[in-house]
Amino acid sequence: METPTYLAAELRLPTNWLDYTILGIYFVVVLGIGFAARRSVKTSLDFFLSGRSLPAWITGLAFISANLAATEILGMAANSAQYGVYTVHWYWIGAIPAMVFLGLVMMPFYYSSRVRSVPEMLLLRFDKWAHLLSSALFAFAAILISGVNLYALAIVVEALLGWPQWVAIVVAGAFVLAYITLGGLSSAIYNEVLQFFVILAALIPIVVLSLKKVGGWDGLTDTLTKAQGGDFTTAWGGTGIGSDNPLGANWLTIVLGLGFVLSFGYWTTNFAEVQRALSAKNLSAAQRTPLIAAYPKIFIVFLVMIPGLAAAALIPGFGTEESGYQYNDAIPYLMEQLLPNGVLGIAVTGLLAAFMAGMAANVSSFNTVFTNDIWARYVVKGREDGYYVGFGRLITVIGVCASVGTAFLASSFSNIMSYLQTLFSFFNVPMFVVFIVGMFWKRASAKSGFWGLLAGTVAAMVNYFWIYKQGIVDIPTDQGANFVSAIVGFVAGGVVMVAVSMFTAPKPAEELQGLVYGTRSPGMSEAPAEGDDAWYRRPALLGWGAIILAAACYIPFSF
């Protein structure tokens, strides 16, 4: 077990009235967006999916902002301080191909079927047991991940501003609760667009000043190479099978575990992300949502990786007990060392915006799944639409309170990205294998969905908690163990689905239209709206452009 997640006490920031004024203005704007969005909420579709009316650029920015949470900023900076330039894999191979696959291949199935959530697709393709299990697993995971953001916010605010943890938790939770219950998904999405730019304004000064502090990129890499070895500043150095490297993973587990299983499992089935695309105004806009998001995703790695590398270069042994800092301290340490007042206020506001964006994404997806997929489907059926809007607001309150309760589970990880990757291997990867087998294999039976999902989840947990944690197989790092757990969960789920399908009846062919690759529903033939058919808006061109650009980014870091 890793050491607890507490920021170093000496990271208290010298904030003044200017910094608090900037922070106060941000909170006022956030609530203002919530009140403005409230006027557009008339039906449950408005509350849970923004009435499927938003343009692609709005949903695309919200898509990437929902991912720019505490885990992304603190976690990836921590990842870089601990593992070095290997962090680029989480972006260029661990995100972009999966985002493109979501836009080009899976969004036509999601959007054209008119589902309100990812688990609802399993109800259509398999049966109610697969649907119920996936809904319950997703709701549980959403609360855990929301709690990570809330906990990370609390420890950062306590260390940087001196607020007690309970004050930070209550204030942030109350603001997220207020703007989601007021305006539903529209409020969350428009706030996420605002938060995207606030986060950039916070990170860019940290990157520029930290590079100046360490003597530019050359000074940074020279320092790290002397202290950590040459592999620390390359993407693929030391990843041969049987070789040692800081990440504790070889190229095969990186490509299969992170690049395929974990990334596709997260980006294609995580409803906190997919919900933004489902709120788009038409199929073309829905497809372009993750593709638009892919382009900033390619470059955001530099905004989170460079601060982590700089912290490792400035403090010998950063992240060890002797240094007095943990890996999660990287960005707060640089804020305290480098930023003047005013800029400091923007940086603190950016961190809070990131935490709130991540929490809001998970809470808004949680209330949708719990209301539509569990409550309305199995508990209280057939009530008027207004009842479910009211219940959605109530379950949002419960979800925020539950997030507070789960927040401290993250405290046992000094690198919160390790914790998140562990959750993804448990919950997202098994759902992905069920989706992928069901989408590409007509013979997959209705009952195979439930058993494949259950087997994949259990297998991933067994690998992590027993085989890895009990030392039955030696895996050097938590991240390496997560890659292996993801592969184990994927293989177990797929094998069980095939086995169950061999002994149970497939669904009738007429029930699979629009749900299996090679079959079409009427909505999948939808022509692009006027203005959406321009060459630079074509999904295929956007998707392949993102993949080529991400691949090209590897070249300078491969030697």
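Excluded from the calculations below are hydrogen atoms, water molecules and symmetry mates; all remaining heavy atoms, backbone and side chain alike, are included.
- Asn79 contributes atom CG, which lies 4.5 Å from atom OG1 of Thr87 (distance to the nearest 0.5 angstrom).
- Remark: Trp217 CH2 to Thr233 OG1 distance equals 7.5 Å, nearest 0.5 Å.
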For Ser146 and Ser403: C-alpha separation, side-chain torsions, deciding distance, then whether side-chain hydrogen bond (donor to acceptor under 3.5 Å, both in side chains) applies. CA-CA 6 Å; Ser146 176; Ser403 298; 2.9 Å; yes
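- For the pair Gln287 and Gly103, the tightest heavy-atom approach, listed with the atom from each and the gap, is NE2-O, 3.0 Å.
- Separation of atoms CG (Asn270) and CG (Asn428) is listed at 5.0 Å; rounding is to 0.5 Å.
- Taking all atoms of both residues into account, the shortest heavy-atom contact from Ile199 to Leu68 is CD1-O, 3.7 Å.
- Checked against Pro539 for a side-chain contact (heavy atoms from CB on, under 4.5 Å), the options Val100, Thr289, Leu291 give a single hit: Leu291.
- The nearest pair of heavy atoms linking Met107 to Ala277 is CE-CB, 3.6 Å.
- Looking at Ser210, its side chain does come within 3.5 Å of a backbone N or O of Val207 through a donor-acceptor pair.
- The shortest heavy-atom contact between Ala235 and Val88 is CB-CG2, 3.9 Å.
- Of all non-hydrogen atoms in Thr59 and Ala285, the two that sit nearest each other are OG1-O, 4.4 Å.
- Rounding to the nearest 0.5 Å gives a distance of 12.0 Å between OG1 of Thr268 and CE of Met99.
- Ring planes of Tyr554 and Trp92: perpendicular class, angle over 60° (limits at 30 and 60°).
- One distance of note links CD1 of Ile96 with CD1 of Ile298; it measures 4.5 Å at 0.5 Å rounding.
- A donor and an acceptor atom, one from each side chain of Gln195 and Tyr26, are located under 3.5 Å apart.
- To the nearest 0.5 angstrom, Met106 atom CE is 5.5 Å from Phe435 atom CZ.
- At a cut-off of 3.5 Å, with distance as the only test, no side-chain donor of Asn250 or Thr239 sits close to an acceptor on the other residue.
- For the 3.5 Å distance criterion, the side chains of Arg276 and Ser364 qualify, holding a donor opposite an acceptor.
- Phe101 pairs with exactly one of Trp267, Phe432, Tyr266, Phe264 by the ring pair (Phe, Tyr, Trp, His ring centres under 6.0 Å) rule, that one being Phe264.
- Leu194 places a side-chain heavy atom less than 4.5 Å from the side chain of Val29.
- Side-chain N/O atoms of Gln275 and Ser117 include no donor and acceptor closer than 3.5 Å.
- Residue Trp236 qualifies as enclosed at atom CH2: its count of foreign heavy atoms under 6.0 Å is above 12.
- For Val343 against Pro205, the heavy-atom pair with the smallest separation is CG1-CB, 3.9 Å.
- A 4.5 Å side-chain heavy-atom check between Val348 and Asp19 finds every atom pair outside the cut-off.
- Considering only residues two or more places apart in sequence or on other chains, Tyr295 meets the side-chain hydrogen bond (donor to acceptor under 3.5 Å, both in side chains) condition with none of them.
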